[in-house]
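In what follows, every chain begins at residue 1, and chains take the letters A, B, ... in the order their sequences are listed. These numbers come from the heavy atoms of this one structure, side chains and all, not from hydrogens, waters or symmetry mates.
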Number of protein chains: 2
Amino acid sequence: MTEPLALSRIRVVLSRPSHPGNIGAAARAMKTMGLSQLVLVAPKSFPHPEASSRASGATDVLDAARVVNTLEEALEGTVLAAAMTSRIREMCAAPRWASEVAPELLAFSAQGDVAVVFGNETFGLSNEEVMACQRAVTIPANTEYASLNLGAAVQVIAYELRRCALEGRLAPLPQQLGEVATHDDVERLVAHFERAMIESGFLDPEKPRRLMPRLRRLFGRAAVEREEVAILRGMLTSFEAKVDRNTRDS
Amino acid sequence: MTEPLALSRIRVVLSRPSHPGNIGAAARAMKTMGLSQLVLVAPKSFPHPEASSRASGATDVLDAARVVNTLEEALEGTVLAAAMTSRIREMCAAPRWASEVAPELLAFSAQGDVAVVFGNETFGLSNEEVMACQRAVTIPANTEYASLNLGAAVQVIAYELRRCALEGRLAPLPQQLGEVATHDDVERLVAHFERAMIESGFLDPEKPRRLMPRLRRLFGRAAVEREEVAILRGMLTSFEAKVDRNTRDS
């Protein structure tokens, strides 16, 4: 059995994990399913002997793990990010079942790295963290006891991705016409929109309403392409130049 | 979301588990996916505080766990049993992927309890244990590192069963004409065949070849029905009576 290439493009991101044992269990779960990219956002204790012990034969995944300070850094360079959450949240994509989202994540991996983001053992992911992702994913658990251990949740998602990869289940990319923009491209686009909307007077930074989350959600859902980002930013730059000139002239 | 009834009919059987922590992790994994029947065959240490601690909120599953001495006892009353194994073994059903077998296990659960049997952490299941089951199941893991933790393996199987149950994926029962025989019925049938074949002189107990494993595999694969068991045993009884009479007469 050849290892599916797509799985090497999946980044497992653990945001603020509390227990080093769970980091080790996640590394082991990943390796059994052919995943290798582990990113830790501000882990409480890492490296740690308990992480190494629970990783068993997967210490190579632990050793290669990247430790970063923010989710933003963890998502750099990804073309798609999915947040693990069971809650429906305002301004975030509604969570869909892992079996439904996995084929889409694998399809995007043809264009670059795809992240799956797991929250802290007790608090899960913050609204801001879920909003930084373009998809929300849930494991359909027993409503009366939905408390999967962090390592077990990583195991299920890694298994689901592997199963779909081996069964050749890929979702068609929405309007797959060009190269999908990376997370950083989209972040810069959203930041550009915000700046331009403030300059133009359309957005009052004191009363932002929900313009920015809405825009972010739109671009995430649409899987905006690199070229579209260039067009939109070109347009914004022109507007900004115009606003500047008008301000100067008045 | 209503809990699918089929899941309450799934028995998770852990054969000779060494680490009580894994028993707890299995209980937690089961409960998150709506499974509740845990059977432990000759566990090394149980009950144990580590089992309770790893079970987290699923101590009810642990408390209700049945401890037995043999796999035979664990399988009593089941209509189908599936052995977790990655190896291909002589005289055993070839292992198939969990995603392929799960719909079949759920379909059988309409007729009674269905067991999924997990082996010891280090040694897995013995050939005899795999032969006692009618199906063999594997989790398609990384060939270079296939070492799933026991609790993680239970999590994946429980997830796969739940996913199939929620997606309504049931396999059609093979020739679903009547009531499927239970494990004990089939065991009694196989024992009856063995006795009759010895009495008839067809089977030499000193040189059994592989007659009994072959018969067992046949009945397992065919999902023999209660009525068929009655017919076959009736026939055997007639033969035995005939053999007796002939022996007496000669």
Colleague: Measuring heavy-atom distances to chain A, does B:Leu7 have an atom under 4.5 Å in its side chain, in its backbone, in both, or in neither?
Modeller: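 The answer is neither part of B:Leu7.
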
Colleague: Would you kindly say whether B:Tyr159 and A:Gln155 are connected by a side-chain donor-acceptor distance under 3.5 Å?
Modeller: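 Per modelled atom types, B:Tyr159 and A:Gln155 side chains form no pair under 3.5 Å.
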
Colleague: Quick check on the interface: out of A:Ser147, A:Ala98, A:Ala25, A:Ser56, who has the most heavy-atom pairs with chain B under 4.5 Å?
Modeller: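 Top count of heavy-atom pairs under 4.5 Å with chain B: A:Ser147.
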
Colleague: Going from OG on B:Ser36 to OH on A:Tyr145, what distance comes out if it is rounded to the nearest 0.5 angstrom?
Modeller: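 If we round to the nearest 0.5 Å, B:Ser36:OG and A:Tyr145:OH are 14.0 Å apart.
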
Colleague: Rounded to the nearest 0.5 Å, how far apart are CZ of B:Arg163 and CZ of A:Arg163?
Modeller: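 The CZ atom of B:Arg163 sits 3.5 Å away from the CZ atom of A:Arg163.
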
Colleague: Checking heavy atoms, do the side chain of B:Ala58, its backbone, both or neither come under 4.5 Å from chain A?
Modeller: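 When you check distances to chain A, atoms from both the backbone and side chain of B:Ala58 fall under 4.5 Å.
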
Colleague: Using modelled atom types only, decide if a donor and an acceptor are shared between the side chain of A:Asn142 and the backbone of B:Lys31 within a distance under 3.5 Å.
Modeller: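 Looks like yes, one N/O pair under 3.5 Å.
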
Colleague: Where does B:Ala29 contact chain A at under 4.5 Å (heavy atoms): side chain, backbone, both or neither?
Modeller: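 For B:Ala29, there is no contact with chain A at all, as no heavy atom is under 4.5 Å.
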
Colleague: Does A:Arg162 reach the main-chain N or O of B:Pro140 with its side chain, forming a donor-acceptor pair under 3.5 Å?
Modeller: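 Checking the backbone N and O of B:Pro140 against the side chain of A:Arg162, a donor-acceptor pair under 3.5 Å is found.
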
Colleague: Name the region of A:Ile139, side chain, backbone, both or neither, that has any atom closer than 4.5 Å to a heavy atom of chain B.
Modeller: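 Interface part for A:Ile139: side chain.
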
Colleague: Using the side chain to side chain contact (heavy atoms under 4.5 Å, CB included) rule, take A:Leu148 and B:Met33 through it: C-alpha gap first, then chi angles, then the decisive distance, then the call.
Modeller: CA-CA 9 Å; A:Leu148 267 84; B:Met33 296 292 119; 3.7 Å; yes

Colleague: Identify which part of B:Glu160 has an atom lying under 4.5 Å from any heavy atom of chain A, answering side chain, backbone, both or neither.
Modeller: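 Only the side chain of B:Glu160 comes within 4.5 Å of chain A.
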
Colleague: What's the verdict on side chain to side chain contact (heavy atoms under 4.5 Å, CB included) for A:Thr143 and B:Glu3, showing C-alpha distance, side-chain angles and the deciding distance?
Modeller: CA-CA 8 Å; A:Thr143 41; B:Glu3 283 304 305; 4.2 Å; yes

